[in-house]
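Data block below; observations after.
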Amino acid sequence: MFARQLFGFDSGVQVRREAMRIALIAAMAMTVSLMASPHVEAAKRAAERPSPGGQLMVVSVNAKQGKVLDVRRFKRLHSLTLALLGRPAAFNAGTKEAIIAPDIIMLQEMTFSNVEILHRLLNQRSKFDYLFVATPNSKTKMLVNADTLTMVGEPEEWSDPCLPERRYLLGRFTENSTGAPFVAVNMHLHRNYDGDSKCRMRNVEALHAEVADETGGIVVGGDFNQRPTSQYRECDLNEDTEPAPWWARMITPMSNGLQFVDSVRDSSRNAGRAMENEWTHAQKSSKQTCSGEFSFRRSRIDYIFVANTGIADAHADDPGWTAYDPKIHDLDYYQYSDHRWVWAR
């Protein structure tokens, strides 16, 4: 199944390399079944609905799974699976007990083998069939709902202009219910590029060039590792200060008229909502913030940008894992990452 569901390259070598690690799934699954609580079972029973025709549900998450799987990371993968199947509540599904199943899950900071384990966990619990989409060297990966989307051609990868070995994923799809075409791009920019302040801007320019000729909808998700404004969140909760240059360039119309919007910012502004709870990353050590207080700094650094299409709604996974005491280690309360995912539809 692993080889069948990886698009874009011959995964035979990868299968042999990861076979022993994937074999751990059965033992870990038994551990999960012994640890499961009634709350977990309730999360599993959330009714899944497909996204309405003409509307896609996209999730982007930095899952912090870039190292060899161990029990702690498996618990986080399992918690992420339950969270994806338990929230957010479906807007158009007719009941608050339902969710809209994601059409695309964009994944950052995950090894191939850990994505495969998440893939299996999700397919074991979801009524939809998800496919693992990647290229041989892509830094980012995707899980795609094959019941709602069809892939067109092979996935592509393109290089970070400052770090050529860092390659990002692009896939073309059609929506099964409408036949509408669209492009999905998944990025994970480096945190600091060794102090080269122009690299984030160069990545935006490279992205614009990559999608300039697309005529269908375009969805760009990922971890951009920087806030959209010049000020830190604790001193600018509503993102009212001067925009960061890379973010301003990202949403500036291209020469052909194509223009991206920041889905979370745009939908929040249109609805008159504050941005305070839309942060996506929490530092794990307390530091002095711009307000002079010591706290665990939180920032909005994960995004879903769209062009040639509209936004019905978009949010960070709020409250997500922050609703629970981090000292509680039941799977249903387990913190799936130091990031909270972003979703948009």
Side-chain angles (χ1 to χ4, degrees), residues 28 31-32 35-46 48 57-67 69-90 96-97 99-102 105-110 114-115 117-119 121-122 125-126 143 188 221-225 227 233-234 237 264 268 273-287 295-304 313-344:
M28 290 182 173
T31 302
V32 169
M35 297 176 64
S37 69
H39 185 85
V40 173
E41 295 303 319
K44 292 179 185 177
R45 291 196 299 270
E48 294 178 274
M57 181 67 164
V58 180
V59 171
S60 177
V61 57
N62 181 323
K64 200 177 181 182
Q65 291 280 344
K67 297 182 179 179
L69 190 73
D70 56 15
V71 173
R72 180 175 62 89
R73 290 189 182 89
F74 179 80
K75 288 180 178 179
R76 289 167 63 174
L77 283 179
H78 190 268
S79 179
L80 176 58
T81 305
L82 295 179
L84 288 167
L85 296 177
R87 60 183 186 261
K96 65 181 181 180
E97 285 78 23
I99 65 157
I100 292 181
I105 304 170
M106 299 185 179
L107 301 165
Q108 304 93 43
E109 202 170 329
M110 291 194 74
N114 289 7
V115 175
I117 294 169
L118 175 63
H119 176 210
L121 287 170
L122 189 62
R125 290 157 178 79
S126 174
L143 296 179
H188 184 190
D223 178 358
F224 284 71
N225 259 316
R227 266 179 55 80
R233 171 183 171 273
E234 60 269 15
L237 294 176
V264 171
S268 295
R273 296 191 305 257
M275 294 290 294
E276 179 177 358
N277 295 320
E278 302 295 353
W279 62 270
T280 63
H281 177 258
Q283 293 184 346
K284 58 184 178 182
S285 58
S286 179
K287 295 183 179 180
S295 67
F296 297 92
R297 174 167 284 155
R298 294 171 169 179
S299 300
R300 189 169 77 93
I301 63 175
D302 303 86
Y303 303 84
I304 296 175
D313 205 0
H315 285 283
D317 180 31
D318 181 64
W321 46 258
T322 59
Y324 310 117
D325 184 339
K327 296 179 181 179
I328 298 175
H329 297 298
D330 288 346
L331 288 175
D332 46 333
Y333 300 119
Y334 212 79
Q335 179 178 332
Y336 57 75
S337 176
D338 57 350
H339 291 248
R340 303 193 301 179
W341 74 59
V342 184
W343 64 267

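Because the structure is a prediction, the values reported are computed rather than measured.
The two residues A316 and W279 have their closest heavy-atom pair at CB-O, 3.6 Å. Of all the heavy atoms in A282 and R298, the pair that sits closest is CB-CG, 4.1 Å. Between A63 and S337 the shortest heavy-atom distance is C-OG, 3.6 Å.
Here the side chains of Q108 and S60 are in contact, with some heavy-atom distance below 4.5 Å. Side-chain contact check for L80 versus R76: every heavy-atom pair is 4.5 Å or farther apart. Between H119 and L77, every side-chain heavy-atom pair lies at or beyond the 4.5 Å cut-off. In this structure, the side chains of W341 and I304 stay at 4.5 Å or more apart for every pair of heavy atoms. For the pair E48 and L85, the minimum side-chain heavy-atom distance is below 4.5 Å. Using a 4.5 Å cut-off on side-chain heavy atoms (C-beta onward), I105 and L122 make contact. Side-chain contact check for W343 versus V58: every heavy-atom pair is 4.5 Å or farther apart. Under the 4.5 Å side-chain criterion, counting only non-hydrogen atoms from C-beta, N225 is in contact with H188.
A donor and an acceptor atom, one from each side chain of Q65 and N114, are located under 3.5 Å apart. Counted by atom type alone, Q335 and T322 present zero donor-acceptor pairs between their side chains at under 3.5 Å. A donor-acceptor contact under 3.5 angstrom links the side chains of E109 and N62, judged on distance only.
Each of D302, D317, D223, D318 was checked for a salt bridge (Lys or Arg N to Asp or Glu O under 4.0 Å) with R340, and the lone residue meeting it is D318.
Ring geometry, H339 versus H281: the interplanar angle falls from 30° to 60°, so the pair is classed tilted.
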Report task. Determine, step by step, whether D313 and H315 satisfy the side chain to side chain contact (heavy atoms under 4.5 Å, CB included) criterion, reporting the C-alpha distance in whole Å, the side-chain angles of both residues, the deciding distance to 0.1 Å, and the verdict. Result -> CA-CA 7 Å; D313 205 0; H315 285 283; 3.5 Å; yes
Report task. Check step by step if side chain to side chain contact (heavy atoms under 4.5 Å, CB included) holds for L118 and M110. Result -> CA-CA 10 Å; L118 175 63; M110 291 194 74; 4.2 Å; yes
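The salt bridge (charged side-chain N to carboxylate O under 4.0 Å, His left out) test applied to R227 returns D236, not counting sequence neighbours.
One distance of note links CD1 of I117 with CG of L69; it measures 4.0 Å at 0.5 Å rounding. For the atom pair CD of E276 and CZ of R233, the computed distance is 6.0 Å after rounding to the nearest 0.5 Å.
Side-chain N or O atoms of S268 include one that pairs as donor or acceptor with a backbone N or O of V264 at under 3.5 Å.
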